[in-house]
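Contents: one structure, followed by commentary.
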Amino acid sequence: AQSVAQPEDQVNVAEGNPLTVKCTYSVSGNPYLFWYVQYPNRGLQFLLKYITGDNLVKGSYGFEAEFNKSQTSFHLKKPSALVSDSALYFCAVRDEDEGRRALTFGSGTRLQVQP
Amino acid sequence: KAGVTQTPRYLIKTRGQQVTLSCSPISGHRSVSWYQQTPGQGLQFLFEYFSETQRNKGNFPGRFSGRQFSNSRSEMNVSTLELGDSALYLCASSLLAGGLNTGELFFGEGSRLTVL
């Protein structure tokens, strides 16, 4: 079975400060990991993914994520937050051993960046 | 390249009615997935279609159904609507490599259904 957890409902950060949105996962095989962002009344937009290779993945809008196999985590990071980064962020996972299964999403973390 | 298109964007129905939502995937994408998003339950997987065949199905009652056409466009139908069906219904398309889902999903803007 595959599952993903986002332990924080909301993260508050001041503009210009670094931000981290946490994600942990559980799979039987190797994970395929994704981050998406959702702005109000919009669909989800793809930010970045980890399939294999370098543990630090760079994505859109200056975001990056670090894959940590020992801690089963895939935290989303950005060195300097912008007010426009305020949105709902979803982590998602698919188990490599269950390639035909649908993507499983976390419950989402609301990021609030204060000016 | 045009993105995923969902229609209608907003609709209001009353309990007991039925609704059909439409999704046109990105050109060349043959896999279409549907998700229900609610504040309490988050993103819940409904079903996935590939080449007109249902590949995966989530844990939803039989009132929720879908289909895919030969041009990869997909529809989902909800019959006998309940208040709890009020949600944002998201469609996503993707490429499949060798039948395996290794790539990201591309989402539409969603269809917001309100059931009164």
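First the proteins, then the strands, lettered A, B, ... as listed; each starts at 1. Since the structure is predicted, the reported quantities are computational estimates derived from the model, not experimental observations.
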Between the CG atom in Leu103(A) and the CG atom in Asn56(B), the distance rounded to the nearest 0.5 Å is 11.0 Å
ILVMFWY cluster, Leu47(A) and Val57(A) together (side-chain gap under 4.5 Å): yes
Less than 4.5 Å to any heavy atom of chain B: does that hold for the side chain of Gln38(A), its backbone, both, or neither? side chain
Path from Met76(B) to Leu113(B) over hydrophobic side-chain contacts below 4.5 Å: yes
Applying side-chain contact (heavy atoms from CB on, under 4.5 Å) to Leu43(B) and Leu44(A), what does each step give before you reach the verdict? CA-CA 11 Å; Leu43(B) 277 162; Leu44(A) 276 67; 3.6 Å; yes
Do Leu46(B) and Leu88(B) sit in the same hydrophobic cluster, where Ile, Leu, Val, Met, Phe, Trp and Tyr count as joined when their side-chain heavy atoms come under 4.5 Å apart? no
For atom CZ of Arg42(A), decide whether the heavy atoms of other residues, nucleotides or ligands shown that lie under 6.0 angstrom number more than 12. no
Can you name the nearest heavy-atom pair linking Asn41(A) to Arg112(B), along with the distance? OD1-NH2, 3.9 Å
Name the residue from Trp35(A), Phe34(A), Tyr32(A) that meets the side-chain contact (heavy atoms from CB on, under 4.5 Å) definition with Glu104(B). Phe34(A)
Would you please classify the geometry between the Phe107(B) ring and the Phe105(A) ring as parallel, tilted or perpendicular, with 30° and 60° separating the classes? perpendicular
For Arg9(B), is the CZ atom crowded, meaning more than 12 foreign heavy atoms sit under 6.0 Å from it? yes
Is it true that Phe45(B) and Val93(A) fall in one hydrophobic cluster, defined by side-chain heavy atoms closer than 4.5 Å? no
Would you kindly confirm whether Leu88(A) and Leu76(A) end up in one hydrophobic cluster when ILVMFWY residues are joined by side chain heavy atoms under 4.5 Å apart? no
Given heavy-atom pairs under 4.5 angstrom as the criterion, report whether the side chain, backbone, both or neither of Gln37(B) touches chain A. side chain
Under 4.5 Å to a heavy atom of chain A? For Tyr35(B) that would be side chain
To the closest 0.5 Å, what do you measure between OH (Tyr36(A)) and CG (Leu105(B))? 4.0 Å
